[in-house]
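One-based numbering, in listed order, for ligands and for the atoms of each.
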Amino acid sequence: MSAHSAEVKRMTTHTIQEMKNRGEKISCLTAYDYSMAGIVDAAGVELILVGDSASNVMAGHETTLPITIDQMIYHATSVVRAVKRALVVVDLPFGSYQGNSREALSSAIRIMKESGAHAVKLEGGLEIKDSVIRILSAGVPVMGHLGLTPQSIYKFGTYTVRAKEEDEAQKLVDDAKMLEEIGCFSVVLEKIPSKLTKIVSESINIPTIGIGAGPHADGQILVLHDLLGINKAFKPRFLRRYADLDTIMTDAISNYITDVKSNSFPSEKESY
Ligand code: KIV
């Protein structure tokens with residue numbers, strides 16, 4: 001049965017939770033547009049994140065900070081149109097929730113209303129507790145994000161592994177417990193030691209989704225373009241490339257150029 005047949009059941013925050021309960025790993029990927037999201041969904045991932053990594057991957061910015069809420073809604077709307085099964089989560093972009101909880105709620109409502117997505121993700125722990133509570137109280141499912149939080153890159157100064165020291169590791173465990181307690185349905189753990197991921201995943205009942213966080217998370221997420229080998233310059237240790245699309249695409253385009261220049265494309269059969 002294909003993932004798009006009529007009998008396919010939609011993934012929800014509850015089915016994601018049930019996966020953790022029965023020890024089944026959760027596969028997640030990013031997507032930012034209709035064509036890619038359709039492929040990712042049909043392939044069968046359980047959760048698609050419309051990440052603010054669109055700022056890097058789609059727009060070529062150095063950080064995730066410049067992307068706007070309107071741009072996130074544009075990406076999310078395109079993804080939602082393609083997805084038939086996966087749970088679609090959208091990042092609240094930098095500047096759309098840090099001011100106060102009222103602003104956070106109106107950003108979350110805009111994203112949910114205008115894109116048709118199923119949940120939002122916010123970066124941070126205790127600092128954003130009030131905002132998360134307010135969003136949850138409006139009935140919007142929230143995914144947390146701890147460890148390396150790219151929206152705070154100028155505070156950290158580097159993209160190196162977080163929470164290696166005891167005090168930061170303890171804060172991360174406390175933040176994860178707090179996010180569970182107030183009602184988040186899941187937490188992303190980015191670039192933290194594998195041992196800490198194990199501690200967090202065993203300390204909370206909601207699913208942890210790791211990126212650069214080792215094998216003990218309840219699920220894994222990667223940026224789609226990194227997994228497909230489209231961005232060759234990005235080579236962190238945690239990344240496994242499952243394809244070399246850069247080479248495949250470059251070869252295909254070079255062949256097309258050759259065919260156009262030699263007048264072998266289009267042929268008679270490709271003409272009307
Ligand atoms: O924006 C993003 O792609 C993310 C993932 C790396 C978790 O937040």
*Check the hydrophobic clustering (I, L, V, M, F, W, Y; side-chain heavy atoms under 4.5 Å; chains of links allowed) and say if I26 and V142 are grouped together.*
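Yes.
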
*asked:* Would a single hydrophobic cluster contain both I128 and I204, if residues Ile, Leu, Val, Met, Phe, Trp and Tyr are joined by side-chain heavy-atom contacts under 4.5 Å?
replied: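 I204 clusters together with I128.
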
*Are the ring centres of F234 and H225 closer than 6.0 Å?*
no

*Quick one: look up the protein heavy atom nearest atom 2 (C) of ligand 1 and list residue, atom name and how far away it is.*
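Scanning the protein heavy atoms, the shortest distance from atom 2 (C) of ligand 1 goes to S53 OG, 3.2 Å.
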
*Would you mind checking which non-hydrogen protein atom is closest to atom 6 (C) of ligand 1, with the distance to 0.1 Å?*
I211 CD1, 3.7 Å

Could you list which atoms of ligand 1 come closer than 4.0 Å to a heavy atom of [X]?
X: H145; answer: 8 (O)
X: G51; answer: 1 (O), 2 (C), 3 (O)
X: T30; answer: 3 (O)

N/O separation below 3.5 Å, [X] to ligand 1:
X: E190; answer: no
X: D52; answer: yes
X: K121; answer: yes

*Side chain of T149, backbone of H145: donor and acceptor closer than 3.5 Å?*
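Absent.
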
*Which residue, V140, I73, I135, forms the side-chain contact (heavy atoms from CB on, under 4.5 Å) with M112?*
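The option that passes is V140.
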
*If we only count heavy atoms from C-beta on, is the M143 to V188 side-chain gap below 4.5 Å?*
yes

*Taking the side chain as C-beta and beyond, is there a heavy-atom pair between F185 and Q17 under 4.5 Å?*
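They are not in side-chain contact.
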
*Return the option from V89, D91, L49, L29 holding the heavy atom at the smallest distance from atom 5 (C) of ligand 1.*
L49

*Contact with ligand 1 for E123, non-hydrogen, under 4.0 angstrom*: no

*asked:* Taking 4.0 Å as the limit for heavy-atom contacts, which would you say applies to T64 with ligand 1: side chain only, backbone only, both, or neither?
replied: neither

_Would I67 and M72 count as a side-chain contact (heavy atoms from CB on, under 4.5 Å) here? Give the steps._
CA-CA 7 Å; I67 200 160; M72 287 304 297; 3.6 Å; yes

